[in-house]
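See below for the structure under consideration.
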Amino acid sequence: MSYWTILLAVEAAAEEGGGGLFDIDATLPLMAVQFLILVAILNAIFYKPLGQAIDGRDSYIRTNLTDARERLAKAEHLAKQYEQELAETRRQSQAVIAAAQADAQKIAATKIAEAQQEAQAQREQVQQELDQQKQAAMQSLEQQVDALSRQILEKLLGSSAVG
Amino acid sequence: MEMLNSLSAFTSFPLAELEVGQHLYWHIGNLKVHGQVFLTSWFVIGVLIIVSLLATRNLQRVPSGTQNLMEYALEFIRGLAKDQIGEKEYRPWVPFVGTLFLFIFVSNWSGALVPWKLIELPEGELAAPTSDINTTIAFALLTSLAYFYAGFSKKGLGYFGNYVQPVPFMLPFKIIEDFTKPLSLSFRLFGNILADELVVGVLVLLVPLFVPLPVMALGLFTSAIQALIFATLAAAYIGEAMEDHHGEGHEEH
């Protein structure tokens with residue numbers, strides 16, 4: 001507040017000199033005109049170009065951002081699609097594998113059954129042959145036994161008794 | 001002032017002197033103008049124009065240096081105008097409000113930072129243009145004209161409807177407000193800046209070393225705040241004049 005006293009003193013002192021703190025004169029309108037001119041100049045060289053630069057950058061960033069967002073959405077969509085395809089393929093491959101495994105098992109089972117049948121058949125055949133040979137052997141043996149027993153009889157009773 | 005001059009006679013420092021209310025008069029026809037105000041205001045205008053030219057000389061998408069600084073300033077001014085006037089209407093008023101802010105801010109800081117007093121004038125001394133009552137009254141009257149223009153251009157004669165909102169008995173107060181607005185605007189700025197310069201001047205006169213520094217720092221702060229207040233209030237008045245008939249008043253600082 002001290003400057004108010006100074007100010008009053010100045011006012012008193014400046015009465016004759018035409019000066020003073022509250023000396024309002026042509027400075028006021030000239031300053032106003034000068035200020036308006038400054039507004040016009042700054043509008044031309046500062047606010048307009050720099051504002052355009054800022055707005056241009058804003059729109060540039062905005063378009064880039066939406067573009068990038070679109071691309072991101074597309075990429076995410078593609079990734080999802082690929083994942084789905086991948087899952088589908090995996091499921092298919094598993095089905096194929098399962099089918100192949102079932103086929104193989106079936107084939108193996110039939111093969112095994114066939115082989116067993118064949119083996120059975122062969123065993124039976126061999127058995128049959130064996131039996132035949134045994135029978136044949138037995139018959140020849142019996143014939144020999146007959147011949148031998150006749151010879152024995154002849155030797156014992158003489159040939160007249162027999163013949 | 002004689003008191004202060006006699007005080008300064010006691011001190012042995014010829015640097016410390018204080019002049020108040022003395023002007024360098026220029027005579028244009030039969031008009032008198034304060035030359036020192038115009039000299040410093042031309043300096044301020046020069047600084048603003050040079051910095052603007054530097055900032056816009058080579059506009060880049062990725063700003064740097066002066067362009068970055070001035071874009072920051074412009075964003076700040078736009079934010080200020082947008083807050084006070086509103087998203088829809090603020091754009092045409094950015095140059096006016098922004099120039100008020102920039103001019104007052106650079107003036108105040110030049111008064112606080114540039115050692116004007118070292119330049120000898122035949123009469124008076126150089127100081128911030130805003131420490132002269134003519135400058136501040138000029139700006140305050142321009143602000144008044146600006147908000148009348150804003151109101152009339154937006155609503156035509158319906159602008160007078162503002163005077164009876166929200167209740168008709170507000171009419172006299174609203175009319176008084178039209179006079180107190182420029183008065184308070186101009187005297188607030190003038191008083192703050194002049195007081196700051198005088199306080200610094202008196203302190204330098206009494207203790208010319210280190211002691212005035214905190215006050216000078218405070219002065220820088222006040223100067224910036226005053227520029228902000230002036231621009232904000234101007235924008236607020238313009239916004240108030242243009243707002244629709246169900247707004248509320250704005251606070252005074």
Side-chain angles (χ1 to χ4, degrees), chain A residues 1-69 71, chain B residues 1-4 18 20-23 25 28-29 31-34 37-38 41-42 44-45 48-49 51-53 55-56 59-63 67 70-71 74-75 77-78 91 94-96 98-100 102-103 123-124 129 132-135 137-139 141-142 145 190-191 194-195 198-199 202:
Chain A
M1 288 310 287
S2 65
Y3 89 91
W4 282 110
T5 53
I6 299 167
L7 194 144
L8 290 177
V10 167
E11 281 295 288
E15 276 300 309
E16 316 91 49
L21 277 180
F22 296 99
D23 183 29
I24 293 168
D25 52 21
T27 313
L28 198 161
L30 284 178
M31 187 58 91
V33 170
Q34 181 178 285
F35 179 78
L36 288 180
I37 293 170
L38 179 66
V39 171
I41 293 174
L42 282 190
N43 189 32
I45 66 168
F46 172 51
Y47 298 106
K48 229 177 245 172
L50 216 54
Q52 274 168 0
I54 289 176
D55 292 342
R57 183 183 310 124
D58 276 355
S59 65
Y60 171 75
I61 288 173
R62 214 175 304 121
T63 51
N64 262 16
L65 202 67
T66 48
D67 207 34
R69 216 169 267 152
R71 253 185 263 170
Chain B
M1 192 185 66
E2 283 89 346
M3 186 181 68
L4 286 174
L18 206 57
V20 176
Q22 292 189 354
H23 304 292
Y25 283 107
I28 303 171
L31 296 172
K32 284 197 295 183
V33 296
H34 296 172
V37 178
F38 279 105
S41 73
W42 291 339
V44 171
I45 290 171
L48 285 177
I49 288 178
V51 172
S52 301
L53 285 178
T56 55
L59 287 173
Q60 301 278 325
R61 176 163 286 155
V62 180
Q67 190 193 348
M70 290 316 271
E71 276 193 17
L74 183 56
E75 298 264 17
I77 292 162
R78 278 184 166 184
R91 273 179 185 270
V94 166
F96 181 72
T99 311
L100 271 180
L102 288 177
F103 188 88
E123 204 185 355
D132 189 282
I133 189 82
N134 290 291
T135 315
I137 289 181
F139 292 170
L141 288 180
L142 282 178
L145 288 179
F190 166 68
L194 186 72
L198 283 178
V199 167
V202 168

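Chain identifiers are assigned alphabetically (A, B, ...) following the order of the sequence lines, protein sequences preceding nucleic acid strands; residue numbering begins at 1 within each chain.
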Exercise. Y25(B) and D25(A): side chain to side chain contact (heavy atoms under 4.5 Å, CB included), yes or no, with the steps?
Worked result: CA-CA 10 Å; Y25(B) 283 107; D25(A) 52 21; 3.8 Å; yes
Problem set entry | Backbone of L42(A) reached by a side-chain donor or acceptor of S52(B) within 3.5 Å | no
For this session: For R71(A), enumerate each residue passing the salt bridge (charged side-chain N to carboxylate O under 4.0 Å, His left out) test, keeping only those at least two apart in sequence or located in another chain.
Result: D67(A)
Taking all heavy atoms of [X] and all of [Y], pick out the closest pair and write down the distance.
X	Y	result
H34(B)	T27(A)	N-OG1, 2.9 Å
A138(B)	A32(A)	CB-N, 3.9 Å
R57(A)	Q67(B)	NH2-NE2, 4.0 Å
A26(A)	V33(B)	CB-CG1, 3.7 Å
F38(B)	M31(A)	CZ-N, 4.0 Å
D55(A)	R78(B)	OD1-NH1, 3.2 Å

For this session: Look at V94(B), I49(B), V62(B) and state which one has the largest set of heavy-atom pairs under 4.5 Å with chain A.
Result: I49(B)
Seminar exercise, completed: Residue from L53(B), I137(B), N134(B) scoring the most non-hydrogen pairs under 4.5 Å with chain A is N134(B)
Problem set entry | Any F46(A) side-chain heavy atom under 4.5 Å of L48(B) side chain | no
Exercise. Does some side-chain heavy atom of L30(A) sit less than 4.5 Å from a side-chain heavy atom of I28(B)?
Worked result: yes
Problem set entry | chain B contacts, top residue of L38(A), I41(A), N43(A) (heavy-atom pairs, under 4.5 Å) | L38(A)
Exercise. So how far is it from T135(B) OG1 to Q34(A) CD, rounded to the nearest 0.5 Å?
Worked result: 9.0 Å
Seminar exercise, completed: Here the gap from E75(B) atom CD to I54(A) atom CD1, rounded to the nearest 0.5 Å, amounts to 4.0 Å
Heavy-atom cut-off 4.5 Å, strictly under: side chain, backbone, both or neither for [X] against chain A?
X	answer
L141(B)	side chain
L142(B)	side chain
L59(B)	side chain

Problem set entry | Aromatic ring pairing F103(B)/F35(A), orientation class (parallel under 30°, perpendicular over 60°, tilted between) | perpendicular
Exercise. Do the side-chain N and O atoms of Y47(A) and T99(B) include a donor-acceptor pair separated by under 3.5 angstrom?
Worked result: yes
